[in-house]
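These notes concern the structure reproduced below.
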Amino acid sequence: MASKGEKERAANIARHKEMLMKLGLDKPTFEPKEKRHRPAASSKKRKSTNEDSTEPPRKAARAESSPTENEPESTDTSIRRSSRIRRQKTEMEEKKLLVLNDQNDSEPRQTGKRIHDPKVFGSIPGIDVGAWWETREACSNDAIHAPWVGGISGGKGGAYSVALSGGYEDDVDLGYAFTYTGSGGRDLKGTKNNPKNLRTAPQSSDQTFEDRTNKALQRSSETKKPVRVIRGFKLKSKYAPSEGYRYDGLYTIEKAWMEKGLNPEGYLVCKFAFKRLPNQPPLPVRDTDPTEETD
DNA sequence: GGGCCCGCAGGG
DNA sequence: CCCTGCGGGCCC
């Protein structure tokens, strides 16, 4: 039984997908399987319980795979995380990172301890494509995507980074390309009679390119400057990590436009088409595609 | 699962 | 100081 909203969603998805396909004539084919960071352990109990000395390294995991999409062969199924090859500078930076993150004693956590500026275009030194964090906060500390909640980080020169976390139901993710929705047009404060203090909320008005972050994305579509992209576990895509957040490298914005959003009232949203830059490690895929309703 | 509430970073 | 925002914890 396809409700009206579901039909619109399907139509939007089909339209977005078709557009992305045209961007993907040179799409890569090699897609390794995702490596889980948290196999099955319930993971949901981290407070200040000081024990667990056998904790997974909650720091910015170095990239887990290495082959570039150009040379998939090499059959290196035993990819250890030995990506720390020579290169002393990175070595130094990594040590600093370790120090900064190794306050696992009892310190709640100290923010504002970045060693790199997130407000730059392109990659961040020492953070490889494929890096993984459990939380947005940790990702922010590594300067890949600064906002703890917001999906878009950008300035007047364009966007620095975006987070794909499934916030908009008609966005399409093909891995090498995806569509993305802008910010704004939501009632985060609720109404006068029913005041809220929310971080996300349903659409309640048109989005606009006057919005600072939307404008940054639009700018990037003109300048073609690279944008860092992270995918989160809430994203409905086979390219989404099963848990946490993963840095998936650099994309350019190929197109910016406005269209009717999925909301019942048909408020306008800003849409953007991203395309992944070549010569980056391939995107891992998970075994189960969250898009296929498996439940 | 949903609802609510909250801190925080970032920008004006 | 104010506001926003594709989190996250907690409660039910």
Side-chain angles (χ1 to χ4, degrees), chain A residues 9 16 38 42-49 58 107-114 116-120 132-173 178-191 193-217 219 227-237 239-241 243-248 251 261-263 269-272 274 290 293-295:
Chain A
R9 175 166 178 264
H16 296 156
R38 304 261 176 143
S42 65
S43 90
K44 253 209 168 173
K45 51 140 18 89
R46 51 130 36 189
K47 323 177 89 159
S48 46
T49 60
R58 54 148 71 341
E107 292 300 329
R109 120 129 272 109
Q110 293 185 210
T111 59
K113 293 284 188 177
R114 293 202 187 104
H116 290 109
D117 182 5
K119 292 187 286 187
V120 297
W132 181 89
W133 307 267
E134 183 174 9
T135 64
R136 286 279 298 268
E137 177 188 358
C139 175
S140 176
N141 288 337
D142 277 346
I144 289 292
H145 185 66
W148 284 29
V149 177
I152 305 163
S153 173
K156 290 192 173 168
Y160 308 121
S161 57
V162 300
L164 278 70
S165 208
Y168 292 82
E169 290 292 325
D170 62 346
D171 278 329
V172 172
D173 183 16
F178 61 87
T179 58
Y180 195 80
T181 307
S183 292
R186 306 195 195 208
D187 276 337
L188 300 177
K189 294 196 291 286
T191 64
N193 294 337
N194 190 18
K196 308 276 187 193
N197 183 14
L198 302 171
R199 299 297 173 268
T200 63
Q203 205 75 28
S204 59
S205 61
D206 290 344
Q207 290 186 1
T208 162
F209 284 115
E210 298 309 303
D211 177 278
R212 199 185 58 81
T213 56
N214 295 341
K215 185 175 290 185
L217 293 172
R219 182 100 180 94
V227 181
R228 294 185 300 275
V229 169
I230 64 170
R231 283 184 171 82
F233 67 99
K234 285 189 255 180
L235 178 66
K236 298 249 186 325
S237 159
Y239 301 100
E243 297 177 276
Y245 299 86
R246 186 186 64 220
Y247 174 47
D248 281 341
Y251 288 69
L262 264 193
N263 52 83
V269 293
C270 299
K271 287 282 184 182
F272 306 89
F274 284 64
E293 62 284 64
T294 317
D295 46 338

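Atom set for the values below is all heavy atoms of this structure, side chains included, hydrogens, waters and symmetry mates excluded. Quick note on labels: first sequence line is chain A, next is B, and so on, each numbered from 1.
With rounding to whole Å, A/Asp142 atom CG is found 15 Å from B/dA9 atom C1'. In this structure, the CG atom of A/Asp117 is 9 Å from the P atom of B/dG10, given to the nearest Å. Atom pair A/Leu188:CG and C/dC6:C1' shows a separation of 12 Å (rounding to whole Å applied). Between A/Phe233 atom CZ and C/dG7 atom P there is a gap of 7 Å when expressed in whole angstrom units. Rounded to whole angstrom, the span from the CH2 atom of A/Trp148 across to the P atom of B/dC5 amounts to 21 Å. Nucleotide B/dG12 holds its C1' atom 16 Å from the CD atom of A/Glu210, rounded to whole Å. When the P atom of C/dG9 is taken as reference, atom CG of A/Asn197 falls 18 Å away, rounded to whole Å. As rounded to whole Å, 16 Å separates atom P of C/dG7 from atom CG of A/Asn141.
When side chains are defined from C-beta on, A/Tyr247 counts as touching A/Trp133, because their heavy atoms get closer than 4.5 Å. Using a 4.5 Å heavy-atom cutoff, the side chains of A/Gln207 and A/Thr181 are in contact.
Counting any heavy atom pair closer than 4.0 Å across all strands shown, A/Gly167 reaches a base atom. Backbone-only contact: A/Gly184 has heavy atoms under 4.0 Å from sugar-phosphate atoms and none from a base. Contacts of A/Leu164 with the nucleic acid, taken as non-hydrogen atoms under 4.0 Å apart, include base atoms. When heavy atoms are screened at a 4.0 angstrom cut-off, A/Thr213 is found touching no nucleic acid atom at all.
When distances run from any side-chain atom of A/Lys234 to the nucleotides C/dT4, B/dC4, C/dG7, the shortest one goes to C/dG7. Nearest nucleotide to the A/Tyr168 side chain, out of C/dG5, B/dG11, C/dC6: C/dC6. Closest to the A/Thr135 side chain, of the nucleotides B/dC5, C/dC6, C/dG8, is C/dG8. Minimum atom distance to the side chain of A/Ser165 is reached by C/dG7, of the listed C/dG5, B/dG11, C/dG7. Counting only heavy atoms from C-beta on, A/Arg114 has its side chain closest to B/dG10 among C/dC6, B/dG10, B/dC8. Side-chain atoms of A/Arg136 lie closest to C/dG7 of the nucleotides C/dG7, B/dC6, B/dC8.
When the side-chain nitrogen and oxygen atoms of A/Lys196 are compared with OP1 and OP2 of B/dC4, one or more of them lie within a distance under 4.0 Å. For C/dG7, the OP1/OP2 oxygens have a side-chain nitrogen or oxygen of A/Tyr245 closer than 4.0 Å. Between A/Lys236 and the phosphate of C/dC6, there is no side-chain N or O to OP1/OP2 separation shorter than 4.0 Å.
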For this session: Could you go through the side chain to side chain contact (heavy atoms under 4.5 Å, CB included) check for A/Trp132 and A/Glu134 one step at a time?
Result: CA-CA 7 Å; A/Trp132 181 89; A/Glu134 183 174 9; 4.0 Å; yes
Problem set entry | Candidate pair A/Asn214 and A/Ser183, rule side chain to side chain contact (heavy atoms under 4.5 Å, CB included), full reasoning | CA-CA 6 Å; A/Asn214 295 341; A/Ser183 292; 4.1 Å; yes
For this session: Take A/His145 and A/Arg228 through the test side chain to side chain contact (heavy atoms under 4.5 Å, CB included) and record every step on the way to the result.
Result: CA-CA 8 Å; A/His145 185 66; A/Arg228 294 185 300 275; over 6 Å; no
Exercise. A/Leu217 and A/Phe274: side chain to side chain contact (heavy atoms under 4.5 Å, CB included), yes or no, with the steps?
Worked result: CA-CA 10 Å; A/Leu217 293 172; A/Phe274 284 64; 4.0 Å; yes
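Nearer to the 5' terminus of DNA chain B, by closest-nucleotide assignment, is the contact made by A/Ser140 (compared with the other of A/Arg212 and A/Ser140). Residue A/Val149 is the one, among A/Val149 and A/Tyr160, whose nearest nucleotide of DNA chain B lies closer to the 5' end (criterion: closest heavy atom).
A donor-acceptor contact shorter than 3.5 Å links the side chain of A/Arg136 to the backbone of A/Gly150.
Between A/Lys236 and A/Asp171 there is no salt bridge, since no side-chain N of the basic residue sits under 4.0 Å from a carboxylate O of the acidic one.
Taking the six-membered ring for Trp and the full ring otherwise, A/Tyr251 and A/Phe178 have centroids separated by under 6.0 Å.
In DNA chain C, stems built from 3 or more consecutive Watson-Crick or G-U wobble pairs, each with both distances under 3.5 Å, span B:1-6 with C:7-12, B:8-12 with C:1-5.
Between the C1' atoms of B/dG12 and C/dC6, the separation comes to 22 Å (whole Å).
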